[in-house]
There are 2 protein chains.
Amino acid sequence: MKALIVEDDQFHATYLQDALAEALPEVTEIFHAADGVAGEEDARQGGIEAIVMDLQMDRRNGIEAARTIWAERPQSRILFWSNYADDAYLRGIAQIVPEDSAYGYVLKTASRDRLKLALRAVLIEGQIMVDREIHRRQKSGASLRTRLDDSEFAVLVDLALGLQDKLIAERQGMSLRTVQNRLLSLYEKLGVLSEFDDRLTLNKRVRALNRALVTRTINLETLEAAQRDLEAWLVDRS
Amino acid sequence: MKALIVEDDQFHATYLQDALAEALPEVTEIFHAADGVAGEEDARQGGIEAIVMDLQMDRRNGIEAARTIWAERPQSRILFWSNYADDAYLRGIAQIVPEDSAYGYVLKTASRDRLKLALRAVLIEGQIMVDREIHRRQKSGASLRTRLDDSEFAVLVDLALGLQDKLIAERQGMSLRTVQNRLLSLYEKLGVLSEFDDRLTLNKRVRALNRALVTRTINLETLEAAQRDLEAWLVDRS
DNA sequence: AGAGATGGTGCGGGTTCCCGCAACGGCTTT
DNA sequence: AAAGCCGTTGCGGGAACCCGCACCATCTCT
């Protein structure tokens, strides 16, 4: 069995390689790619089904690399391994994971044992495994009421790109007023007003983006990916 | 001589510790703190003047920790060691470094030799040393025309917080119209229009924040720090 | 079947934003 | 000293935004 590690930090890569060798004796060969592009290449060439993928990388981030890999071979098993428990990553992954594919999400701060467990569960057993730390953040009490649903999130992303209401309406297939209703609830859920409110009024759009970033609802990768989406959409529309 | 390492990633910390021991035989004792708060504490207690500081940390980031450390003992020598060459970090550091203090900025991707060189130059010789990679980004041709000056940057940060023109004017001691002029040049320099322009019009404020993030002119730490500044300012104003 | 809840839509108006135009002071250049 | 350049400021108006109010369709509960 062949495994692939996609990780741009040398220290983390060697640590991971060790853990992988320990946990999975059935692995005969370990490849290593230092960025997303190289990772896609290796996965394509090597006929690899077991992958451990870092999320933050320079040339192409883990989510995008995973998307193309899964597009080519949906049966690939991918364990994501990241420093952050950003909600943005969870959403990104949820959007691209194919039906019935095995994947997992482990934090780099997890213990070696937990990492090894996840490696076995996902890469060998084909299970789905998400670090409890992350799952907790996603569903926990307070955020249940304030968690964005999918259409709100889509509007948020468009807002973050700087699109105006009319454009968002067109992209999302909503009326102008509906977009504005979504924005209303976004402002509500992101806490755009609650902090200051009485003391000062602010620009809600910018504040919404600010809050979404600070609360890790979206991140830089989200923005960059959305930008590319937008450009493709613009070409289509013409 | 005592040295302090402030770094939350265990692998990087041990690597750094080794390099430090090799490069600086005059160091008799190496302390290690895993976040900014602990780092401040250690620096205060230990009477330490030589510090290597990571920038991205959970509890308190490197720039804020450095600010309080320098506030207490301006003669401290601090080498910043970071994954990123964000302009935002450079600005943050430039704002807090005391007159005549020694500091340096090295990327984690730098070779071990370059790291050791920087350790000696900054911590022992008291020089100022900035990784060429970073310096290049800061001054290089294209960005020279588009680099923000200090007042533009200040307005950008206020914009990013979601403040309205009037508030920014008050905070910056400008007239409303002047703030708007700054915004004009911000839009220009950040390339708010240049990309699409003809094809679609966008919300310039949000787009400005988006561009500033994508170009690494500001980052999450900037936003969080600015938020605290704003809160303090609001209390003062009353 | 009727009542209520939920979510989408149109209308209208108050506010903020964006920015062209013009005037004014301080600076350098000749 | 005159001319010219640059940053700051006020004015005004068109566009976008925010959002209360009202209406309608669908869905659910009794």
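Naming convention: chains lettered A, B, ... in sequence-line order (proteins, then strands); numbering from 1 in each chain.
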Using the test salt bridge (charged side-chain N to carboxylate O under 4.0 Å, His left out), find all partners of A/Asp100 that sit at least two apart in sequence or belong to another chain. none
Determine which pairs satisfy salt bridge (Lys or Arg N to Asp or Glu O under 4.0 Å) with at least one residue from residues 65-79 of chain B, sequence neighbours left out, and list them in order. B/Arg44-B/Glu72
Suppose we screen for salt bridge (charged side-chain N to carboxylate O under 4.0 Å, His left out). Which residues come up paired with B/Glu224, at least two apart in sequence or across chains? A/Arg216
Which part of the nucleic acid, if any, lies within contact of A/Gln180, taking any heavy atom under 4.0 Å across all strands shown: a base, the sugar-phosphate backbone alone, or nothing? base
Whole angstrom value for the distance that separates P of C/dT15 from NZ of A/Lys204: 13 Å
Counting only non-hydrogen atoms, which of residues 169-179 of chain B are less than 4.0 Å from DNA chain C? B/Arg177
Please state how far atom CG in A/Leu167 lies from atom P in D/dA16, giving the value in whole angstrom units. 11 Å
If each of B/Arg182 and A/Leu183 is mapped to the nucleotide of DNA chain D with the nearest heavy atom, which maps nearer the 5' terminus, i.e. the 5' end? B/Arg182
B/Leu184 atom CG is separated from D/dG7 atom C1', nearest whole Å, by 13 Å
Sorted by chain and number, sequence neighbours left out, salt bridge (charged side-chain N to carboxylate O under 4.0 Å, His left out) with A/Glu64 holds for A/Arg228
Using the test side-chain contact (heavy atoms from CB on, under 4.5 Å), find all partners of A/Asn181 that sit at least two apart in sequence or belong to another chain. A/Arg177
For B/Ser82, side-chain contact (heavy atoms from CB on, under 4.5 Å) partners two or more places apart: B/Leu55, B/Tyr84, B/Tyr89, B/Tyr105
Interatomic distance, B/Leu186 CG vs C/dC17 P [rounded to whole Å]: 14 Å
For a 4.5 angstrom cut-off between non-hydrogen side-chain atoms, does B/Leu234 reach A/Leu200? yes
With sequence neighbours left out, what residues match A/Glu170 under side-chain hydrogen bond (donor to acceptor under 3.5 Å, both in side chains)? A/Arg237
Nearest-Å distance, CD (A/Glu152) to C1' (C/dG7)? 12 Å
Quick one: list whatever passes salt bridge (charged side-chain N to carboxylate O under 4.0 Å, His left out) with A/Glu152, sequence neighbours left out. A/Lys189
What bend angle does the helix from C/dA1-D/dT30 to C/dT30-D/dA1 show across its length, from five-pair end axes and to the nearest 10 degrees? 30°
Roughly how many Å is it from CG in B/Leu193 to P in C/dC18, rounded to a whole number? 11 Å
Taken to the nearest whole Å, CG/A/Asn181 to P/C/dG7 is 10 Å
Measure from CZ on B/Arg207 to P on C/dC17 and round the result to the nearest Å. 20 Å
Hey, which sits more toward the 5' end of DNA chain D by its nearest nucleotide, B/Asn203 or B/Ser151? B/Ser151
Using side-chain contact (heavy atoms from CB on, under 4.5 Å) as the criterion, list what pairs up with A/Ala34, not counting sequence neighbours. none
N/O contacts under 3.5 Å, protein versus nucleotides 22-25 of chain D?
none

Quick one: is the NZ or CZ of B/Arg207 closer than 6.0 Å to the six-membered ring centre of B/Tyr187, and within 45° of its axis? no
